[in-house]
Amino acid sequence: MCTVDLFPVPEDLYGAASPASRPSPESSHPTSYSDAVDPNGYSQASRHPLTYFPLHPYMSVDVNHHGHAPAPPSPPFQIPRRQLMLGHLHHNERPHDTVHQIGNHLITESSKLTPALVGERFAEPTLVDHQGRKALVFVFGDLAVRREGVFILRYRAFDIFSSVPGTPHAPVLAELYGGPFKVYSTREFPGLEPSTDLTRTLSKYGVRVTLRDAERKSKKRPKGSDQE
């Protein structure tokens, strides 16, 4: 079983080459963040300060809760209407719930916006033969985001039939962060590209996907037309 989580990222990350996914700090081989920044808190590559999105009300995991007492109830989650303001950090002030890093931007568990996802957030594996190789793929064919902005997805694979003593949760077998993607407003939406070869292959195996033979251009309305 695979699940997805949604995280906001800065606008300037969209369109940039997606770096290799870094392992989580809790993994057996944690990322050495000191390799990514100098003693002044700047990236050795670009000399820019580290950025992150400050805490908002939604957290699926209480990073401060140690299990000694029941966690307090979370307030109702409300999806932010616009991209949050970025915070800037010295490397010694790194948030304790940092789970990933893209360039100079830190992804924190507390910035997660998973409730803004619409559609099935869980997927079972499908065995396919693509480009001469067999592969297990997890397809999220009806996933959408209820907010404009730039985001990344975190994919986590679980074995729902395994367990770890002392915890009710199934262990995470693998974790991967995808590249940045942009959600447009209706007015700015550029259209849809033709389906890829991988999408067509998935369709042949009975996976529910949408196929497009040609690019679908957006029919943009002139400004002010909504007021007529």
Side-chain angles (χ1 to χ4, degrees), residues 1-11 13-24 27 29 60 79 99-103 107 109 112-164 169-221:
M1 181 72 70
C2 184
T3 66
V4 290
D5 287 305
L6 182 74
F7 295 88
V9 296
E11 291 274 350
L13 289 181
Y14 177 68
S18 180
S21 180
R22 303 184 181 211
S24 299
S27 65
H29 301 285
S60 64
I79 300 173
V99 293
H100 186 59
Q101 182 172 343
I102 304 178
I107 307 296
E109 190 73 25
K112 186 165 57 178
L113 286 174
T114 303
L117 289 173
V118 179
E120 189 61 57
R121 301 200 298 263
F122 301 86
E124 297 181 352
T126 301
L127 179 63
V128 301
D129 191 344
H130 181 59
Q131 297 180 342
R133 298 179 60 185
K134 293 188 179 297
L136 282 175
V137 297
F138 298 91
V139 181
F140 298 86
D142 63 346
L143 208 57
V145 182
R146 293 186 290 175
R147 214 205 75 175
E148 302 170 25
V150 178
F151 306 91
I152 64 170
L153 290 172
R154 178 177 66 189
Y155 304 88
R156 281 180 164 180
F158 299 84
D159 181 356
I160 59 176
F161 297 105
S162 63
S163 61
V164 175
H169 305 293
V172 179
L173 302 181
E175 179 179 280
L176 179 69
Y177 289 81
F181 64 92
K182 185 172 184 177
V183 179
Y184 293 89
S185 66
T186 303
R187 185 182 297 279
E188 298 176 347
F189 182 59
L192 298 171
E193 297 181 356
S195 299
T196 63
D197 291 339
L198 177 57
T199 303
R200 297 182 186 281
T201 298
L202 294 174
S203 177
K204 294 178 181 178
Y205 281 87
V207 179
R208 189 178 63 180
V209 293
T210 301
L211 294 179
R212 291 179 296 276
D213 294 327
E215 182 178 2
R216 188 190 306 173
K217 296 285 188 178
S218 175
K219 297 180 180 179
K220 295 184 179 181
R221 294 174 294 178

Please name all residues satisfying side chain to side chain donor-acceptor pair (under 3.5 Å) with Thr199, sequence neighbours left out, ordered by chain then number.
Thr196

What's the shortest heavy-atom distance between [X] and [Y], and which atoms?
X	Y	value
Leu143	Gly119	CD1-C, 4.2 Å
Glu120	Phe140	O-CD2, 3.6 Å
Glu148	Ser185	OE2-CB, 3.2 Å
Thr201	Tyr205	O-CD1, 3.1 Å
Ser195	Thr210	OG-O, 3.5 Å
Tyr155	Cys2	CB-SG, 4.0 Å

Could you state the interatomic distance from [atom1] ([X]) to [atom2] ([Y]), rounded to the nearest 0.5 Å?
X	Y	atom1	atom2	answer
His130	Asp197	NE2	CG	7.0 Å
Phe151	Phe7	CZ	CZ	12.0 Å
Leu211	Lys204	CG	NZ	10.0 Å
Ile102	Ile152	CD1	CD1	4.0 Å
Leu117	Lys112	CG	NZ	10.5 Å

When you compare the side chain of [Y] with that of [X], does any pair of heavy atoms fall below 4.5 Å?
X	Y	value
Val4	Phe138	no
Ile107	Arg154	no
Val128	Leu202	yes
Glu175	Val99	no
Asp142	Arg208	yes
Leu6	Leu153	yes

Flag, side chain of Gln101 to backbone of Gly103, donor-acceptor distance under 3.5 Å:
yes

Using the side-chain contact (heavy atoms from CB on, under 4.5 Å) criterion, which residues pair with Leu127? Sequence neighbours excluded.
Lys134, Leu136

Could you list the residues that satisfy side-chain contact (heavy atoms from CB on, under 4.5 Å) with Phe158, not counting sequence neighbours?
Thr3, Arg156, Ala170, Val172

Classify the angle between the aromatic ring planes of Tyr184 and Phe189 as parallel (below 30°), tilted (30 to 60°) or perpendicular (above 60°).
perpendicular

